[in-house]
There are 2 protein chains.
Amino acid sequence: MKRNTKVNSGKRSESVQNCTCFNLRKATRAVTQLFDEALKPCGLYATQFTLLAAVSSKENVAITELSKALVMDRTTLSRNLKPLQKSGWVEVLPGLDKRTKALSLTLSGKKVLKQAMIHWKEVQNEVVMTLGNGNWELLVDNLSSTVKKLNPY
Amino acid sequence: MKRNTKVNSGKRSESVQNCTCFNLRKATRAVTQLFDEALKPCGLYATQFTLLAAVSSKENVAITELSKALVMDRTTLSRNLKPLQKSGWVEVLPGLDKRTKALSLTLSGKKVLKQAMIHWKEVQNEVVMTLGNGNWELLVDNLSSTVKKLNPY
DNA sequence: CATATTTAAGTGTGTATACACGTATTTAGA
DNA sequence: TCTAAATACGTGTATACACACTTAAATATG
């Protein structure tokens, strides 16, 4: 007798439980909370730490250019910069091209990034250890190649 | 002569480029955009599809209970349900316990989920194929175990 | 050189996310 | 039983994210 509890072809990937998007978002929530917590003493969120680090390594970068590197919508980046400007950590100056802007860290921004780096290393190490170094490397490699393969830019 | 371009101990995990949180969020952005695009004809976002599917498989579940299963803050779930209620896809009724609520899909919600499932399978298959089945399985396994290991619930 | 196209950025709008704080109900303990 | 603690949920607030639409500047094209 055929049981009718069968909801898919049997392929693992066809179960909603294994939705790539859901699993990514779920893991992102869990990890982001850890990093946010770790960076709290510095008064910035994980996403903001990422932005500071990105601007630091690409002084005078324009918004659209940086947004492509971060695989982030241009308008999202623009708006995510707002709280960092407000805190006086990021400066947005006119670029050479009159259309563009040049992003840079203020002195205060460099200081907070330096402090944050310490806390970041701690939580990053904690996560690497919890996952196991091999698993962590596999995860990061997989995430990178996923972005490379799917990212339209 | 010692070069002073060295910014970390040499451990791969200590480079901000390899921040677990950043890489997860970046991949999530890329993947979410694909799923959002694929589900657009049904008028719902990837996150909303996930919610409909979750409620469908757990009729009369309470908000906090579901939020734990999704590794999502209770208040986030509450608010994410709002647009689904507004669209008439999810019903939020009083639960047995006077404190709790009982979530369920409306008839209309079941219909839209059924349609969305078709589009979801397409994009899910596309992603699995693009990554390669082996890589995809590795990724999902790694994400699951990451959540299991880090999730405080 | 004038105009069409492309490129860089901003605004409006709506969803996703979570913490801090507050209220109501239930349960546990004296 | 009466009260303290635990549980379920809502609201205020702030950040994260992206699409559609708009404006301004640079470049390409006739």
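To find a chain, count down the sequence lines: A is the first, B the second, and so on, and within it residues start at 1. Because only heavy atoms are used, hydrogens play no part in the values below, and waters and symmetry mates are left out as well, while side chains stay in.
Per the geometry, CG belonging to L77(B) stands 10 Å off P belonging to dA18(C), to the nearest Å. For the pair L51(A) CG and dA16(D) P, the interatomic distance rounds to 7 Å; values are reported in whole Å. A straight line from CG of L34(B) to C1' of dC19(D) spans 15 Å, rounded to a whole angstrom. What separates CZ of R74(A) from P of dT7(C) is a distance of 13 Å, to the nearest Å. Separating the CG atom of L24(B) from the P atom of dA16(D) is a distance of 17 Å, rounded to the nearest angstrom. We find that NZ of K82(A) is positioned 15 Å from C1' of dC17(D), with the value rounded to whole Å. Separating the CG atom of D36(A) from the C1' atom of dC19(C) is a distance of 10 Å, rounded to the nearest angstrom. For L66(B) and dT7(D), the CG to P distance is 19 Å, given to the nearest whole Å.
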Generate the contact string for nucleotides 12-17 of chain C. Rules: B means base contact, S means sugar-phosphate contact only, - means no protein heavy atom under 4.0 Å. BB-SSB
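A heavy atom lying under 4.0 Å from DNA chain C marks the following residues of residues 92-101 of chain B, by number: D97(B), K98(B), R99(B).
Between K40(B) and the phosphate of dA18(D), there is no side-chain N or O to OP1/OP2 separation shorter than 4.0 Å. Look at S78(B) and you won't find any side-chain N or O under 4.0 angstrom from OP1 or OP2 of dC9(D).
A side-chain donor-acceptor contact under 3.5 Å links Q48(A) to the backbone of Y45(A). Side-chain N or O atoms of Q124(A) include one that pairs as donor or acceptor with a backbone N or O of S13(B) at under 3.5 Å.
Counting heavy atoms from C-beta outward, N135(A) and K149(B) have side chains that approach closer than 4.5 Å. Looking at heavy atoms from C-beta onward, N23(A) lies out of side-chain contact with V147(B) at the 4.5 angstrom threshold.
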Side chain to side chain contact (heavy atoms under 4.5 Å, CB included) for R12(B) and E137(A)? Distances and angles first, verdict last. CA-CA 9 Å; R12(B) 182 181 171 204; E137(A) 290 205 332; 3.7 Å; yes
Run R29(B) and M72(A) through side chain to side chain contact (heavy atoms under 4.5 Å, CB included) and show every step you take. CA-CA 7 Å; R29(B) 285 193 290 270; M72(A) 179 182 285; 3.5 Å; yes
Evaluate the side chain to side chain contact (heavy atoms under 4.5 Å, CB included) criterion for residues K110(B) and S56(B): first the C-alpha distance (whole Å), next the side-chain angles of each, then the deciding distance (0.1 Å), finally the verdict. CA-CA 8 Å; K110(B) 287 173 188 170; S56(B) 169; 6.0 Å; no
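Judged by distance alone, the side chains of R25(A) and T47(B) never bring a donor and an acceptor atom under 3.5 Å apart. A donor atom on one side chain and an acceptor atom on the other are found under 3.5 Å apart for T20(A) and W136(B).
Across all strands shown, T32(A) has no heavy atoms under 4.0 Å from either base or sugar-phosphate atoms.
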